[in-house]
Amino acid sequence: MIFLRNPNIFLCESSRELMPEQTFTRAAEVIPSEDSVTIRGWIYRIRKMKDKIFVVLRDASGIIQCIGQEDNLNPEAWKMLNEAAIENYIIVEGNPVEDNRAVNNVEVKLTDFKLMHKGEIFPIAKDKSKEFMLDNTHLFVRSFQSTNVWKVKASVLRASREWFFENDFYETTPPILTGSACEGGSTLFSLKYFDSTAYLSQSIQLYLEALIYSLEKVYAITPSFRAEKMRTKRHVNEFWHIEGEEAFVDFEGNMKIQEDMVAYIVQYVLEHNEKEFRELKRDTSVLESIKAPFKKVSYKEAIDTLNENGFDLQWDDDMKTEEERALSNIIGEPFFVRDYPSKHKPFYVKLHEDDPKWCYSADLMAPEGFGELITGGQREDVLDTLVRRIQEEGWEIEDYSWYVDLRKYGSVPHSGFGLGAERLTWWLCGLDTIQETLPFPRTRNRVYP
RNA sequence: GCCGUUGUAGCUCAGUCCGGUGGAGCAAUCGGCUGUUAACCGAUCGGUCGUGGGUUCAAAUCCUACCAGCGGCGCCA
């Protein structure tokens, strides 16, 4: 294949190789017209009558109703139409006409019908349980319930990249295979790495921290793995992590970056995914009112608010799911919980200079009871303090020697955060479980298909 | 790991409390059919009731052991 300078010419040439002399109209783009259209896709629904058959064709863009009548089709096409079944691959040709009895008020009167692949009976029918769908994920990914979510998620990833690009962040590619833990040892997946042991990354944060010394503002979008044996609506064992790290940015500046980015993503999906939200029956009124800056509540204020609403918590109690959900519903808009008690946060979080029982860590919470989207904060940049914190947690300094090294050569104040792509998509789409935001969710009991 | 719960047709479920020849809808097959919207109507096909053991004249149903799934919590993005 010749690579031509003009990318459009290149695309033309390559698609001609795939499907010569043929242009197809996308299902959602069919409009009433004098001209005949050719569409390819899969059968979404088919309804057979004596002398006419309604076939609803699905492609990546959406659906279009077609009507095949015995009088208008050659015998071979009529025969194939009668044999056709759900999810068969078809190519149809016909005249698009306005008709308010059809979806989108357009219908294609077929002049030709080709059954390209009949195949076997599609196993997914009307009645379906969540377990059955998970067993058949490879087929369920064709459903609109799924594809609408994949489209929103694609927007989330695209919008976050756009935001980073517009704000002078470099995209980087840190390793997913690693020789040491990030947050501790308890939830790592380990694997044989030649003659030693390696782990799947839980977060590439520590590597991003190394990269700020040259690129200053960096981000990466990578899978993260947590070997936790939990079964909840908001956890999966493999998820996509959108992580940013910024030199010369303090705790406040870090929160500003997060709220600007999340507000941008929300705005982007509202503009680009209106159809998907409508089909997912997502009421977007909460999303429409979201603007940066977000409300900020200190951990202490959060505890007080909860206690005023019937809880009985101490200032340094760890907030549980029930409490976080309650707080999210009380506040009703995205908000940060800031300045956590240090004892609940890992060694790399910077402590308050005047009172080390608090630290510069903040969680961004989604409203409507969805809870945490982001954890972020300022990192400890003083060598001695970092070493002491690692020792206090009982880790071996040797395991973190490269990370400790970063504070020896031109250490600078810096901050960062980790946003869960699935958490965000889950909330934006208003789904029941986070598992629905992944085509092949990895959970405690499921790595197949 | 803890607590709860479920296992009956390819799929979704009823039947279990109170033992007496296993049901429905969907799918599939065949037939019918008025422009259908997960079309509709009729018929047909389809099950060692999770597995082993026990009680009983008789077990999907009662007892027991085991297996598997699901939900919630611990955690966190």
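In this text the structure is predicted, and so the values were computed from the model without any measurement. Sequence lines set the chain letters: A, B, ... in the order given, protein chains first and strands last, and positions in each chain run from 1. The figures that follow rest on heavy atoms only: side chains count, while hydrogens, waters and symmetry mates do not.
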Is A:Lys126 near enough to B:A38 that one of its side-chain N or O atoms lies under 4.0 angstrom from OP1 or OP2?
no

Which value, in whole Å, describes the distance between the C1' atoms of nucleotides B:C62 and B:U55?
8 Å

Please determine whether a side-chain nitrogen or oxygen atom of A:Ser129 lies at a distance below 4.0 Å from atom OP1 or OP2 of B:U12.
yes

If the C1' atom of B:G22 is compared with that of B:G15, how far apart are they to the nearest Å?
8 Å

B:C75 OP1/OP2 closer than 4.0 Å to side-chain N/O of A:Arg444:
no

Can you tell me if A:Thr321 touches the phosphate of B:C75, counting only side-chain N or O atoms and a distance under 4.0 Å to OP1 or OP2?
no

B:G35 base to A:Lys109 side chain: any donor-acceptor pair below 3.5 Å?
yes

With a 4.0 Å limit, can you tell me whether A:Arg234 has a side-chain N or O closer than that to the phosphate oxygens OP1/OP2 of B:G74?
yes

C1'-based separation of B:G1 from B:G53 [nearest Å]:
30 Å

Heavy-atom closest pair (A:Gln378 atom, A:Pro413 atom, distance to 0.1 Å) is NE2-CB, 4.1 Å

Partner of B:G19 by Watson-Crick or G-U wobble geometry, both contacts under 3.5 Å, or none?
none

Any strand, both distances under 3.5 Å, Watson-Crick or G-U wobble: B:C2 pairs with B:G72

Could one point to a donor on the side chain of A:Glu324 or the base of B:C76 with an acceptor on the other under 3.5 Å away?
yes

Can you tell me how far C1' in B:U12 sits from the matching atom in B:A38, rounded to whole Å?
14 Å

Could you tell me which nucleotide pairs with B:A28 by Watson-Crick or G-U wobble geometry, both distances under 3.5 Å, or answer none if nothing does?
B:U44

So if I apply the side-chain hydrogen bond (donor to acceptor under 3.5 Å, both in side chains) rule between A:Tyr264 and each of A:Glu162, A:Glu259, A:Glu166, which one comes out positive?
A:Glu162

Report the base-pairing partner of B:C62 (Watson-Crick or G-U wobble, both distances below 3.5 angstrom), or none.
B:G54

Is it the case that the side chains of A:Glu209 and A:Tyr403 hold a donor-acceptor pair, with the cut-off being a distance below 3.5 Å and no angle test?
yes

On a whole-Å scale, what distance lies between the P atoms belonging to B:G47 and B:G10?
7 Å

Any side-chain N or O of A:Lys52 below 4.0 angstrom from OP1/OP2 of B:U36?
no

Using a cut-off of strictly less than 4.0 Å, decide whether A:Arg446 has a side-chain nitrogen or oxygen near OP1 or OP2 of B:C70.
yes

Pairwise C1' distance for B:U29 and B:C66, with rounding to whole Å
40 Å

Using the P atom as the point on both nucleotides, what is the distance between B:A59 and B:C13, in whole Å?
28 Å

